[in-house]
Amino acid sequence: MPFTLATWNINSVRLRAPLVARLLREEGPDILCLQECKSPVEKIPGEIFANLGYPHMIARGEKGYNGVAILSRLPIEEAGSLDFAGLGHARHIAGRLENGVTIHNFYVPAGGDVPDRAVNDKFGQKLDYLTDMRDFFGQERPQKSILVGDLNIAPREDDVWSHKQLLKVVSHTPVEVDHLGAAMEAGGWHDVTRADIPEGQLYSWWSYRARDWDAADKGRRLDHVWASGDIREAGHSSRILRAARGWEKPSDHAPVFATFDL
DNA sequence: ATGTCAACAGAATGTTGA
């Protein structure tokens, strides 16, 4: 049975519960992975989503920051949560579907402003997080697995509005791209979005600070859908719902979709 | 340095993080 999955950094699931509901109603993904819920789990308005046909929710949360959740119309059971770099943050949850597919939902640390771990602890934490990711998935290569989330890195030149102007901007520096690539390779992960859409500029995030985000279009592809090597061929129909960035009181991220024939 | 958001602490705005 094919299923469609979406990943979306919602930037407060309580404030934007109406937008989540709109996405569920209008697009109807089978599974929606959220990041930056910024809410303790017990304060996530799960009944709103349940009433829309998404009775299954697994989540990790904390007060004010981070937080990840998976909403599903298919039964999903928790399959652990990882705390890379020992941050003690709610940045990951894994779930398993009845067909045996595991879904990892990640919110990788943003990394602060200065791309130098000697002067910016947050940048060091981001690199350490990615190194731990590499080591974890390298230990035992995942199978029948999908990894999604806000990875806070735009790896390719055509994943940013200006490769040259962003080389020293956190999210597109070579050291971050290398760390992400190492995690990807160690786990045998494949970039489903770029397998589907190999050519051209592709963004999932536009800063709030731009006066006209749509016209300026200074975006970055920070949100990703990966598949383990054994199911890479099952992924298709990738798309980014850019329109959601223009909704009333939007998140600064747009949802990324993929369908899997599994 | 700036721009714009959101949550928190604690009672108005400043801080932290993105």
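Treat the numbers as computed from the prediction; the structure is a model and nothing was measured.
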(message) Work out how far the C1' atom of B/dA12 is from that of B/dA1, and round it to whole angstrom.
(response) 25 Å
(request) Work out which heavy atom in A/P18 is nearest to a heavy atom in A/L15; give both atom names and the distance. (result) CD-O, 3.7 Å
(request) Check the distance between B/dG3's C1' and A/W206's CH2 and give it to me in whole angstrom. (result) 19 Å
(request) Check the pair A/D261, A/H236 against side chain to side chain donor-acceptor pair (under 3.5 Å), reporting the backbone distance first and the verdict last. (result) CA-CA 8 Å; A/D261 295 338; A/H236 62 90; 3.0 Å; yes
(request) Look at the rings of A/F106 and A/F84 and say which category their plane angle falls in: under 30° parallel, 30 to 60° tilted, over 60° perpendicular. (result) parallel
(message) Reading DNA chain B from 5' onward, which residue's closest nucleotide shows up sooner: A/R16 or A/N66?
(response) A/R16
(request) Mind calculating the distance between NZ (A/K126) and P (B/dG17) to the nearest angstrom? (result) 15 Å
(request) Round to the nearest Å and state the distance from A/Q35 atom CD to B/dG17 atom P. (result) 20 Å
(message) Nearest to the A/R14 side chain among B/dC8, B/dA18, B/dA6, which nucleotide is it?
(response) B/dC8
(request) With A/L23 as reference, evaluate A/L52, A/L241, A/I10, A/L71 under the side chain to side chain contact (heavy atoms under 4.5 Å, CB included) test and give the passing residue. (result) A/L241
(message) Rounded to whole Å, please give me the gap between CG in A/D252 and C1' in B/dA7.
(response) 15 Å
(request) In whole angstrom, give the distance that lies between atom NE2 of A/H89 and atom P of B/dA18. (result) 8 Å
(message) Can you tell me which residue among A/I70, A/N105, A/V20 is in a side chain to side chain contact (heavy atoms under 4.5 Å, CB included) with A/L32?
(response) A/V20
(request) Figure out the CG/P separation between A/N11 and B/dG17, and round it to whole Å. (result) 15 Å
(request) Can you tell me the distance, in whole Å, between the CD atom of A/Q125 and the C1' atom of B/dG17? (result) 12 Å
(request) Between B/dG10 and B/dT16, how far apart are the C1' atoms? Round to whole Å, please. (result) 16 Å
Pairs under 3.5 Å (N/O, protein and nucleotides 12-16 of chain B):
none

(request) Please name the residue in the list A/R232, A/R221, A/R156 that meets the salt bridge (charged side-chain N to carboxylate O under 4.0 Å, His left out) test with A/D191. (result) A/R221
(message) Give me the atom names and distance for the closest heavy-atom approach of A/A182 to A/R134.
(response) O-CG, 3.5 Å
(request) Can you tell me the distance, in whole Å, between the CD1 atom of A/I153 and the C1' atom of B/dA18? (result) 15 Å
(request) Look at the side chain of A/K38 and decide which nucleotide, out of B/dT4, B/dA9, B/dG17, has an atom nearest to it. (result) B/dG17
(message) Quick check on B/dA18: is either OP1 or OP2 less than 4.0 Å from any side-chain nitrogen or oxygen of A/S207?
(response) no
(message) When you measure only distances, ignoring hydrogens and angles, does the side chain of A/R209 come within 3.5 Å of the base of B/dA18 through a donor and an acceptor?
(response) yes
(request) Could you check A/H253 against A/P250 and say which one's nearest nucleotide on DNA chain B is further toward the 5' end? (result) A/P250
(request) Using the P atom as the reference point in each nucleotide, state the distance between B/dA11 and B/dT15 in Å, no decimals. (result) 15 Å
